[in-house]
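A quick write-up on the structure given underneath.
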Amino acid sequence: KDGNKKEGTITMEFESISAKLGREKNVSDLTSYGTFVLLTSNGKTETHKAKDGVKFCIGERCFLGADGSEDSGTGNSSGSQLSAFGESLFFEILAEQEGNYVLNFVKNPQHLYLKLASQPKAIYLGDKAGFGNKKPEKIKKIFDEYMKCPTLDFSKYDTKTKEGLVQVLADYSAQCKK
């Protein structure tokens, strides 16, 4: 998070392997999946939390810790019983431009997020809502408030695709950054 680069063995869990294998039945799981990463180096293990905005890479795949917003209905919680209080997660980086990102959560990769360097949270601009779908007018309002750039016309972008969000980042960099 401070720009310091560290190398070592990384341990990251996005969901319960025991539950996937059917070993845990009717067991309340308090583990916060996708909210922290363990880095073991020189025999010492450090815990890094998503809420601290940490970025880590495994081979070509990179992940960024962020707080998601406007994403009820996507199933993107850690799965923890504590997630009702809101948790930051490690999102996979699909595209990056000048510190701005297109992200997804590994457990539900079909739901994409935009994360601007100038904003503390990653925003979901798709149409899933807690009950049903968001109307385009609602998504436009969320887009306009998050981007803070009146020259960007929401109707020109498909905010449900990686390509559409990459175009948002390109246009944001060209038209909006001061």
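Because only heavy atoms are used, hydrogens play no part in the values below, and waters and symmetry mates are left out as well, while side chains stay in.
The SG atom of Cys176 sits 12.5 Å away from the NZ atom of Lys148 when rounded to the nearest 0.5 Å. Between atom CG of residue Leu38 and atom OG1 of residue Thr47 there is a gap of 4.5 Å, rounded to the nearest 0.5 Å. Glu7 CD to Asn42 CG: the interatomic distance, rounded to the nearest 0.5 Å, is 11.0 Å. Between the CD1 atom of Ile10 and the SG atom of Cys57 there is a distance of 8.0 Å, given to the nearest 0.5 Å.
Between Phe63 and Val37, every side-chain heavy-atom pair lies at or beyond the 4.5 Å cut-off. Put simply, the side chain of Lys55 reaches to within 4.5 Å of the side chain of Tyr101, judged on heavy atoms. Proximity of Leu64 to Lys115: side-chain heavy atoms (C-beta onward) are separated by under 4.5 Å at one or more points. At least one side-chain heavy atom of Leu152 sits less than 4.5 Å from a side-chain heavy atom of Gln175. Counting heavy atoms from C-beta on, the side chains of Phe105 and His111 never come closer than 4.5 Å. Side chains of Gln119 and Met147 form no contact here, defined as non-hydrogen atoms less than 4.5 Å apart. The closest side-chain heavy-atom distance from Asn104 to Ile93 is not below 4.5 Å. Contact annotation: the side chain of Gln97 never approaches that of Val102 to less than 4.5 Å [non-hydrogen atoms, C-beta and beyond].
The two atoms that bring Tyr124 and Lys134 nearest to each other are CD2-NZ, 3.7 Å, heavy atoms only. Of all the heavy atoms in Ala122 and Ala66, the pair that sits closest is CB-CB, 4.2 Å. For the pair Gly126 and Lys160, the tightest heavy-atom approach, listed with the atom from each and the gap, is CA-CG, 4.0 Å. Closest of all the heavy-atom pairs between Val106 and Glu92 is CG2-OE1, 4.1 Å.
Ring-centre distance between Phe90 and Phe56: below the 6.0 Å cut-off. A ring-centre distance under 6.0 Å is found for Phe91 and Tyr113.
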* To do: Quick one: do Ile139 and Lys135 satisfy side-chain contact (heavy atoms from CB on, under 4.5 Å)? Show the steps, please.
  => CA-CA 7 Å; Ile139 302 168; Lys135 293 183 175 8; over 6 Å; no
* Could you walk me through whether Tyr172 and Ser118 pass the side-chain contact (heavy atoms from CB on, under 4.5 Å) check? -> CA-CA 12 Å; Tyr172 177 80; Ser118 62; 3.5 Å; yes
* Asked: Are Asp171 and Tyr157 close enough, and set up right, to give a side-chain contact (heavy atoms from CB on, under 4.5 Å), and what steps lead you there?
  -> CA-CA 10 Å; Asp171 291 352; Tyr157 305 106; 2.6 Å; yes
* Give the intermediate values and the outcome of side-chain contact (heavy atoms from CB on, under 4.5 Å) for residues Phe154 and Thr159. => CA-CA 9 Å; Phe154 171 74; Thr159 57; 3.8 Å; yes
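Applying the side chain to side chain donor-acceptor pair (under 3.5 Å) criterion to Glu46, with sequence neighbours excluded, gives Lys6, His48. Applying the side chain to side chain donor-acceptor pair (under 3.5 Å) criterion to Asp158, with sequence neighbours excluded, gives no partner residue.
No salt bridge links Glu137 with Lys141; every basic N to acidic carboxylate O contact stays at or beyond 4.0 Å. A salt bridge is defined here as a Lys NZ or Arg NE, NH1 or NH2 lying under 4.0 Å from an Asp or Glu carboxylate O, and Lys51 with Asp67 fails to meet this definition.
Side chains of Glu96 and Asn100: a donor-acceptor N/O pair is absent below 3.5 angstrom, by distance only.
A side chain to side chain contact (heavy atoms under 4.5 Å, CB included) with Leu94 is found for one member of Val166, Leu112, Leu103 and no other, namely Leu112.
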